[in-house]
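Labels below follow one simple rule: chain letters A, B, ... track the order of the sequence lines, proteins then strands, and each chain is numbered from 1. These numbers come from a predicted model, not from an experiment.
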Protein chains: 2
Amino acid sequence: MTQTLRIPRSDNRLPLVLDAAARLFREKGYAATSMRDIATAVDMLPGSLYYHFAAKEDLLVAVYEEGVRLITEKVRAAIARQTEPWERLEAAAVAHLEALLKTGDYALVVIRVLPQDVPKAAARLVKLRDSYDKLFAELVAALPLPPETDRQSFRLLLLGALNWSQHWFRENGRNSPRSIARSFLKLLRDAQKT
Amino acid sequence: MTQTLRIPRSDNRLPLVLDAAARLFREKGYAATSMRDIATAVDMLPGSLYYHFAAKEDLLVAVYEEGVRLITEKVRAAIARQTEPWERLEAAAVAHLEALLKTGDYALVVIRVLPQDVPKAAARLVKLRDSYDKLFAELVAALPLPPETDRQSFRLLLLGALNWSQHWFRENGRNSPRSIARSFLKLLRDAQKT
DNA sequence: CTATAAAGCAAACAGTCGTTTGTTTTTTCT
DNA sequence: AGAAAAAACAAACGACTGTTTGCTTTATAG
């Protein structure tokens, strides 16, 4: 009665399914994307998706997890290269925005699909988001700011503005995620030099 | 052959329909709200809604219009009471946030339902949003800022942060839309005093 | 009081939704 | 080569979707 552990097949199309789901969730939103849309995108039958995921919301959670993982990874790598607190925050802001606007679909799903839109998965989604927020809280805590400064507002101001940029940003010669993040940070940094 | 102009009936339930649609679109999003949801909320039959609106997306546009109207009205009234540019911007920020977080459903739908989620109505929705953005652009243009300041980034930073607050704000003793807007503005204002 | 237009009812249309069930194909391990 | 597990197919389930059509009720105008 030995339990044989088997290695997954190499032609497993689960990665493709996740890619397609991420793309569609980002383009059309969660509710407007059907399981058939996703299945068609990877040339599968709708029912086959249920071999990989028990329900539609589990697919979303999987995309979310990968999104948070990607952003966290990029931001961690970016701040590791800096030592000065303001430099670290700027590096984080740039990495955050580049992850959102350049990495592509996974990261954008995280800030575009609202937990409240998917009641059955809301708790799990919020948890994933919160784990990331802590990173920025630590960076802001390390800043040399005047004692009366409201550091929570500071964090919410910066992160809110960065996340909202998804709604208006269009890549072009003058504009880049990096230049925008730096602009934002300059506006905030100058204010604290008095 | 005289064309008789008649006054609408006084028991018209269209306002109730709009209220219910605004509430549901805000709570569940556009795609997840069905015409039956809305009809049930006002004790009507689904088909009856089509006497007032030719399609679901027209209902959304109507809610959007009222939302933009409400926000614009509040902000205009608030800035009219101030003369100094920074005071005017702060009054606008407070009014904007109070409109979003206190006025209720109509205003929140405007920043919560994305035009890209409703392709058939996207153009109309974007137009409504843009008409409002101009208001803030004028306020920022009037600020006495150092010549090298990027005023567009300034506006996007502030407005983005204000709009994003819908995702984390919870009313309580310490927190109010007014106090948040003022915190944000203080962080930005101090930076420009050097 | 009566015609007329406003507002809504009743019932259905065709299509789409997430999901389930039973079966088949394909790969891996022994 | 043969057994077992992985991955997907094929086909359908009931529920729900936005919308249409024809008819009825009800308030208003003359």
Side-chain angles (χ1 to χ4, degrees), chain A residues 1-22 24-25 27-64 113 117-122 124, chain B residues 1-22 24-25 27-64 113 117-122 124:
Chain A
M1 243 247 193
T2 52
Q3 180 78 10
T4 47
L5 285 190
R6 264 179 129 141
I7 268 167
R9 280 162 59 171
S10 54
D11 68 336
N12 191 329
R13 288 194 276 166
L14 190 143
L16 294 179
V17 171
L18 281 174
D19 285 353
L24 289 165
F25 287 157
E27 283 176 4
K28 322 203 304 171
Y30 175 76
T33 300
S34 73
M35 294 299 269
R36 281 169 179 83
D37 289 339
I38 299 169
T40 301
V42 293
D43 213 41
M44 267 192 190
L45 293 183
S48 304
L49 296 174
Y50 287 81
Y51 174 76
H52 300 284
F53 301 96
K56 189 188 176 187
E57 66 260 21
D58 293 324
L59 222 177
L60 175 65
V61 171
V63 171
Y64 234 80
V113 175
D117 284 352
V118 195
K120 290 181 192 167
R124 281 178 286 171
Chain B
M1 239 246 194
T2 53
Q3 180 77 11
T4 48
L5 284 190
R6 258 174 134 143
I7 269 167
R9 281 163 56 167
S10 54
D11 68 336
N12 191 329
R13 288 194 274 168
L14 190 144
L16 294 179
V17 171
L18 281 175
D19 285 353
L24 289 165
F25 287 157
E27 283 176 4
K28 323 205 304 173
Y30 174 77
T33 300
S34 72
M35 294 299 268
R36 279 168 180 81
D37 290 338
I38 300 169
T40 301
V42 293
D43 214 42
M44 265 191 191
L45 293 183
S48 304
L49 296 174
Y50 288 80
Y51 174 76
H52 300 284
F53 300 96
K56 189 187 175 187
E57 66 260 19
D58 293 325
L59 222 176
L60 175 65
V61 171
V63 171
Y64 235 80
V113 176
D117 283 353
V118 195
K120 290 181 192 167
R124 281 178 285 171

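Between B:Asp37 atom CG and D:dA15 atom P there is a gap of 17 Å when expressed in whole angstrom units. For the pair B:Phe53 CZ and C:dG8 P, the computed distance is 11 Å after rounding to whole Å. Residue A:Tyr30 contributes atom OH, which lies 13 Å from atom P of C:dC17 at whole-angstrom precision. The CG atom of A:Leu49 sits 18 Å away from the P atom of D:dA6 (whole-angstrom rounding). Atom pair B:Tyr50:OH and D:dG18:P shows a separation of 6 Å (rounding to whole Å applied). To the nearest angstrom, P of D:dC23 lies 18 Å from OH of B:Tyr51. Distance B:Leu14 CG to C:dG8 C1': 13 Å, rounded to the nearest Å. Rounding to whole angstrom units, NZ of residue B:Lys56 and C1' of C:dT16 are separated by 13 Å.
Side-chain proximity of A:Asn12 to D:dA7, C:dA7, D:dA8: nearest is D:dA7. Closest contact between the side chain of A:Met35 and the listed nucleotides D:dA8, C:dG18, C:dG8 involves C:dG18. For A:Ser34, counting side-chain heavy atoms from C-beta on, the closest listed nucleotide (C:dC17, C:dT19, D:dA7) is C:dC17.
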Under 3.5 Å between N/O atoms: give me all the protein pairs with nucleotides 9-12 of chain C, atom names plus distance.
residue	atom	partner	partner atom	Å
C:dC9	OP2	B:Leu45	N	3.2
C:dC9	OP2	B:Ser48	OG	2.9

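Residues B:Ala31 and A:Ala32 approach most closely at CB-N, 4.2 Å, considering heavy atoms.
Contact annotation: A:His52 does not reach the phosphate of D:dA6 (side-chain N/O to OP1 or OP2, under 4.0 Å).
With hydrogens and angles ignored, no donor-acceptor pair under 3.5 angstrom links the side chain of B:Arg9 to the base of D:dA27.
Note: B:Leu16 CG to B:Ile38 CD1 = 13.0 Å, rounded to the nearest 0.5 Å.
Applying the salt bridge (Lys or Arg N to Asp or Glu O under 4.0 Å) criterion to B:Lys28, with sequence neighbours excluded, gives B:Asp37. When the side chain to side chain contact (heavy atoms under 4.5 Å, CB included) test is applied to B:Arg9, the partners found at least two apart in sequence or on another chain are B:Asp11.
Listed by first and then second residue, the side chain to side chain donor-acceptor pair (under 3.5 Å) pairs that reach into residues 12-22 of chain B are B:Asp19-B:Tyr106, sequence neighbours excluded.
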What side-chain donor-acceptor pairs closer than 3.5 Å can you find for residues 41-50 of chain B, not counting sequence neighbours?
residue	atom	partner	partner atom	Å
B:Ser48	OG	B:Leu45	O	3.4

Hey, can you pull the donor-acceptor pairs under 3.5 Å for the side chains in residues 53-62 of chain B, sequence neighbours left out?
residue	atom	partner	partner atom	Å
B:Lys56	NZ	B:Tyr30	O	3.1
B:Lys56	NZ	B:Thr33	O	2.7
B:Asp58	OD1	B:Arg124	NH1	3.1
B:Asp58	OD1	B:Arg124	NH2	3.4
B:Asp58	OD2	B:Ala55	N	3.4

